[in-house]
Amino acid sequence: MKSMTGFGRGNASGEEFELVVEVSSVNKKGLEVSCSIPRTWARFEALTGGIVREFYTRAKVNVSVRLVKRVSETNPLGMDVEKLRSAVEFLRNTSESIGVAFAPDANLLLKLNEALSQAEQPSENGGDIPEYASAFEKALREALSEADKMRVAEGANIVADFVLRLSSIEEIVASVQKLSSENCTRYKEALLRRLEALGTVVDVSDERVLREIAIFVDKSDISEECTRLRSHIDQFGNLIAKSAPCGRMLDFICQEMGREANTIASKANFIEITKAAMSIKNEVERLREQVQNVE
């Protein structure tokens, strides 16, 4: 079992660039992939979504990319001197042909370099950048694998917490059944005391008394609810022992366990049973809160 929360970083490089991909994920009912990538890499979004789905079935996953181009010590601005020289010559000839004074300076060179760099960038749909695509996929998978390790480790901790809470609920259910088995005796004694207080002497074997006790026992019987609770506990335990995503199913089981606890509380005619039912509900709510972290 895995948590939905994770973080990972992947790296890749080429002859002229360094690429860093970071993946972070948080809880969400469905799967949502958000990309923070260079504007000109729009076509990588589909690739990103497909790869993320290999690792996640639900979560809000954010993928961010940082691209750094390498520059030489002798040319820290990464200028293509030959292209700049050609561009300046072109502007000089154009200026002379239309009779405009031409006085190039450092500011012009910087602007020309920026314009030339933009002209060389891939098109909006990603263009022909196979080297970037290969590096990006490598770094993304590495980042997702790192996040997966964190999710597995957190999932193991959540499972340990689940086991403790399930054990606690099982103990409470056992105590509820024991208390319930004594309900008939308690009610019979209370009924006879009330009748005696009213000055009515009634034989314990009187049919009317037995009928009243039988009706009470039937209305307050919680054996079915306890059986279903134990079944839900077993189902929950079986699911968390598997590696497959099970968050939605666990959430549903928690709803059913809460419903059984509510029924027990409504049927209870004894304060100790009511308290026990509330304890079950509290434990189920804690389970459900943790389930929101599970894929």
Side-chain angles (χ1 to χ4, degrees), residues 1-12 18-68 122 124-126 129 132-166 235-258 283-295:
M1 192 179 73
K2 299 177 184 177
S3 164
M4 283 187 279
T5 305
F7 176 85
R9 180 183 290 114
N11 299 273
E18 291 281 348
L19 188 65
V20 178
V21 176
E22 292 183 345
V23 170
S24 59
S25 59
V26 293
N27 304 346
K28 193 172 180 65
K29 288 185 178 180
L31 178 60
E32 178 184 329
V33 182
S34 175
C35 298
S36 177
I37 60 179
R39 183 175 56 87
T40 53
W41 289 16
R43 74 178 176 93
F44 284 172
E45 291 193 15
L47 172 67
T48 301
I51 295 175
V52 168
R53 283 175 174 79
E54 295 177 19
F55 291 81
Y56 288 86
T57 59
R58 68 171 185 160
K60 181 175 182 179
V61 184
N62 182 65
V63 178
S64 63
V65 180
R66 186 169 70 255
L67 176 66
V68 180
E124 285 298 315
N125 64 0
I129 45 176
Y132 283 163
S134 176
F136 174 69
E137 182 172 350
K138 173 182 176 297
L140 175 60
R141 289 187 179 278
E142 183 180 323
L144 286 166
S145 296
E146 287 299 312
D148 211 48
K149 292 176 183 177
M150 181 181 290
R151 294 168 59 216
V152 169
E154 186 171 332
N157 292 332
I158 293 174
V159 167
D161 183 65
F162 281 159
V163 170
L164 289 175
R165 299 203 180 282
L166 290 174
Q235 290 173 338
F236 201 107
N238 290 336
L239 283 171
I240 63 177
K242 299 177 181 178
S243 59
C246 58
R248 289 188 178 90
M249 181 61 74
L250 293 178
D251 192 47
F252 173 75
I253 293 175
C254 284
Q255 290 181 37
E256 294 304 302
M257 292 172 75
E283 290 293 341
V284 170
E285 281 305 309
R286 293 188 182 99
L287 277 178
R288 197 170 183 183
E289 287 175 9
Q290 279 285 36
V291 165
Q292 306 314 307
N293 299 315
V294 175
E295 185 180 17

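Just so you know, these numbers come straight off a predicted model, no measurement behind them. Note: hydrogens, waters and symmetry copies are ignored here, and every other heavy atom, side chains too, is used.
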For this session: Before giving the answer on side chain to side chain donor-acceptor pair (under 3.5 Å), spell out for E154 and N157 the whole-Å C-alpha distance, their side-chain angles and the decisive distance to 0.1 Å.
Result: CA-CA 5 Å; E154 186 171 332; N157 292 332; over 6 Å; no
Exercise. Excluding sequence neighbours, so at least two apart, what forms ring pair (Phe, Tyr, Trp, His ring centres under 6.0 Å) with Y56?
Worked result: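 With neighbours one apart ignored, the set is empty.
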For this session: Quick one: list whatever passes side-chain contact (heavy atoms from CB on, under 4.5 Å) with L164, sequence neighbours left out.
Result: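 Here no residue qualifies.
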Exercise. Listed by chain and number, what are the side-chain contact (heavy atoms from CB on, under 4.5 Å) partners of V26, not counting sequence neighbours?
Worked result: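 Per chain and number, V26 pairs via side-chain contact (heavy atoms from CB on, under 4.5 Å) with K60.
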Exercise. Which residue pairs satisfy the side-chain hydrogen bond (donor to acceptor under 3.5 Å, both in side chains) criterion with at least one member in residues 237-252, sequence neighbours excluded?
Worked result: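 Residue pairs with at least one partner in residues 237-252: D251-R288, D251-Q292.
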For this session: For R286 and E283, run salt bridge (charged side-chain N to carboxylate O under 4.0 Å, His left out): C-alpha distance rounded to whole Å, both residues' side-chain angles, the deciding distance at 0.1 Å, then the answer.
Result: CA-CA 5 Å; R286 293 188 182 99; E283 290 293 341; 3.5 Å; yes
Exercise. Tell me, which pairs form a salt bridge (Lys or Arg N to Asp or Glu O under 4.0 Å) where one or both residues lie in residues 134-144, sequence neighbours left out?
Worked result: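 Applying salt bridge (Lys or Arg N to Asp or Glu O under 4.0 Å) to every pair that reaches into residues 134-144, excluding sequence neighbours, yields E54-R141, E137-R141, K138-E142.
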Exercise. What pair of heavy atoms forms the shortest contact from G247 to R58, and how long is it?
Worked result: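 Taking every non-hydrogen atom into account, CA-NH2, 3.3 Å.
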Exercise. Should V23 and F55 be marked as a side chain to side chain contact (heavy atoms under 4.5 Å, CB included) after you check the CA-CA gap, both sets of side-chain angles, and the distance that decides it?
Worked result: CA-CA 11 Å; V23 170; F55 291 81; over 6 Å; no
Exercise. How are the rings of F236 and F162 set to each other: parallel, tilted or perpendicular (split at 30° and 60°)?
Worked result: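 F236 and F162: perpendicular rings.
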Problem set entry | Donor-acceptor contact below 3.5 Å, side chain S64 vs main chain S36 |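 Checked: no pair found.
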Exercise. In chain order, what residues pass the side-chain hydrogen bond (donor to acceptor under 3.5 Å, both in side chains) check against R9, with sequence neighbours excluded?
Worked result: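 For R9, the residues satisfying side-chain hydrogen bond (donor to acceptor under 3.5 Å, both in side chains) (neighbours in sequence not counted) are E22.
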For this session: Decide yes or no for C246 and M1: does some side-chain heavy atom of the first lie under 4.5 Å from some side-chain heavy atom of the second?
Result: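 Of all side-chain heavy-atom pairs linking M1 with C246, at least one is under 4.5 Å.
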